There are 2 protein chains.
Amino acid sequence: MALRHAVLAALLDGELSGYQLAKAFDLGVANFWHALPQQLYAELAKLEREGLVAGRQVVQETRPTKRLFHVTDAGLAELERFASAASKPSFVRDDLLVKVQAADHVDAASLITQVEERAAVAEAKIDLFRRILRKMRGGLNEEEFLRTGRRVGPYLTCLRGLAFEEGNRDWCLRTAAILRERSAATPREGAAPALASPEVARA
Amino acid sequence: MALRHAVLAALLDGELSGYQLAKAFDLGVANFWHALPQQLYAELAKLEREGLVAGRQVVQETRPTKRLFHVTDAGLAELERFASAASKPSFVRDDLLVKVQAADHVDAASLITQVEERAAVAEAKIDLFRRILRKMRGGLNEEEFLRTGRRVGPYLTCLRGLAFEEGNRDWCLRTAAILRERSAATPREGAAPALASPEVARA
DNA sequence: CTTGAATAGTCATATTCTTGACTATCCAAG
DNA sequence: CTTGGATAGTCAAGAATATGACTATTCAAG
């Protein structure tokens with residue numbers, strides 16, 4: 001149950017409405033925690049009942065009234081407690097990797113397309129992360145900022161997101177190239193092509 | 001609902017019992033899909049009811065009787081269908097990243113310890129993946145194997161796991177170093193240390 | 001000769017997450 | 001003057017996951 005802690009961590013940078021929070025989760029936070037708007041509204045309500053966040057109503061003229069939430073002292077204490085407790089091992093879930101695992105038994109063309117699409121998505125995220133990082137460190141260079149900047153937490157997690165997507169892109173491009181080469185080498189085979197194995201090569 | 005497909009993909013390499021499958025998930029497959037043994041038994045039962053896998057009873061003398069499962073033609077067709085459908089975006093969940101996001105507001109010492117422990121875990125996984133990869137490619141070098149080997153799917157996903165853990169390790173080590181340096185620079189501060197910010201520097 | 005680890009598997013409960021729909025207001029483009 | 005997108009939020013139902021406990025057998029260490 002760390003969604004609540006992810007929400008608390010996201011609210012540390014200032015007051016957010018549920019809607020803004022949902023967008024934040026879609027961007028930065030999404031790189032290490034994923035949640036739909038519905039869950040966030042529900043979690044905010046629970047956190048408020050428990051006194052870990054507090055909301056204040058903001059009546060807007062041109063927009064629907066919204067509620068801005070901030071972390072309370074109790075919320076900060078809960079984050080402290082969470083941060084000191086043992087971390088569960090991280091986990092990833094990725095359809096595409098499941099498909100690649102089965103690559104030798106399924107249609108190559110569609111798989112290659114999907115891997116290349118994923119590379120493009122990763123590239124877009126890389127650009128986004130680079131922009132966010134530039135904005136966060138302001139005039140300072142990275143080393144300076146990491147030594148002296150306030151709030152390096154979000155910067156560090158963003159760096160992990162950047163490296164992750166770079167790894168993603170590189171792997172996708174390489175994988176696509178390999179699958180392409182292999183499917184070119186056996187143009188008339190369907191699933192599970194009988195490529196040259198060590199045994200065959202010896203024969 | 002891609003657990004079923006992860007199970008099918010894992011069973012492509014040969015018959016496995018529920019127990020063996022659980023261990024396979026704990027190792028290789030866990031890098032892109034995570035599931036507890038209970039889920040796997042339940043999923044196998046469902047897959048069998050739907051005719052996507054078939055099990056055969058194996059009576060053992062020295063061990064409890066087990067059931068070995070393999071993918072049926074219908075299961076293969078289902079995998080094909082899945083592989084051609086659009087992939088959901090991958091997602092990661094990581095307690096540790098949530099904690100680092102809040103790094104400027106929580107106790108540094110405990111966080112540094114955890115980040116360094118994670119680096120060690122990553123290192124161990126790197127070793128494991130290297131061994132698995134070596135074993136999979138047999139006598140061939142990597143390039144050769146990727147061009148001509150049978151079943152490159154598991155090899156490719158393992159490569160992604162390796163790169164992921166290398167990224168993890170590198171980021172953890174860098175993050176630990178930065179947090180250490182910062183907490184050394186403000187030895188008597190508690191949470192949210194007032195480090196030199198651009199504004200402060202100007203003053 | 002008892003304890004603990006590994007094998008092999010099951011059940012029930014509770015929480016969490018996803019899906020899909022729904023209510024509103026405002027602004028801008030066509 | 002209607003449609004679509006952005007803002008702001010809510011509800012209900014159902015699927016998927018997690019937690020914890022439970023039954024057995026075998027082998028090896030102490």
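We name chains A, B, ... by the order of the sequence lines, and we start the count at 1 in each one. Excluded from the calculations below are hydrogen atoms, water molecules and symmetry mates; all remaining heavy atoms, backbone and side chain alike, are included. None of the values given here were measured: they were computed from a predicted structure.
Not one side-chain nitrogen or oxygen of R93(A) sits closer than 4.0 Å to the OP1 or OP2 atom of dA16(D). Phosphate contact (OP1/OP2 of dT7(C), side-chain N/O of S17(B), threshold under 4.0 Å): absent. The phosphate of dT16(C) has neither OP1 nor OP2 within less than 4.0 Å of any side-chain N or O from R4(A). Residue H34(A) places no side-chain N or O under 4.0 Å from the OP1 or OP2 atom of dC17(C). Between Y41(B) and dG9(C) there is a side-chain polar atom (N or O) within less than 4.0 angstrom of OP1 or OP2. Using a 4.0 Å cut-off, no side-chain N or O of K66(A) falls inside it from OP1 or OP2 of dT10(D). At the phosphate of dT7(D), OP1 or OP2 sits under 4.0 Å from a side-chain N or O atom of Y19(A).
A straight line from CH2 of W33(B) to P of dA16(D) spans 11 Å, rounded to a whole angstrom. Taking atom CG of L36(B) as the reference point, atom P of dT16(C) lies 15 Å away to the nearest angstrom. Atom CG in L21(B) sits about 13 Å away from atom C1' in dA8(C), given to the nearest Å. Put simply, CD on Q38(B) is 12 Å from P on dA21(D), counting in whole angstrom units. When rounded to the nearest whole Å, the span between NZ of K23(A) and C1' of dG5(D) equals 12 Å. Going from atom CG of L16(A) over to atom P of dT7(D) covers 13 Å, rounded to whole Å. Taking atom CD on E48(A) and atom P on dT10(D), their separation rounds to 10 Å, with Å as the unit. If you measure from atom NZ of K88(A) to atom C1' of dA18(D), you get 8 Å, rounded to the nearest angstrom.
Side-chain N or O atoms of T148(A) include none that pairs as donor or acceptor with a backbone N or O of F145(A) at under 3.5 Å.
Ranking dG9(C), dT18(C), dG9(D) by closeness to the Q39(A) side chain, first place goes to dT18(C).
Counted by atom type alone, E80(A) and H105(B) present zero donor-acceptor pairs between their side chains at under 3.5 Å.
Taking the centre and axis of the six-membered ring of Y155(A), the NZ or CZ atom of R134(A) falls outside the cone set by 45° and 6.0 Å.
Remark: R180(A) engages E116(A) in a salt bridge, criterion side-chain N to carboxylate O under 4.0 Å.
E165(B) places a side-chain heavy atom less than 4.5 Å from the side chain of F129(B).
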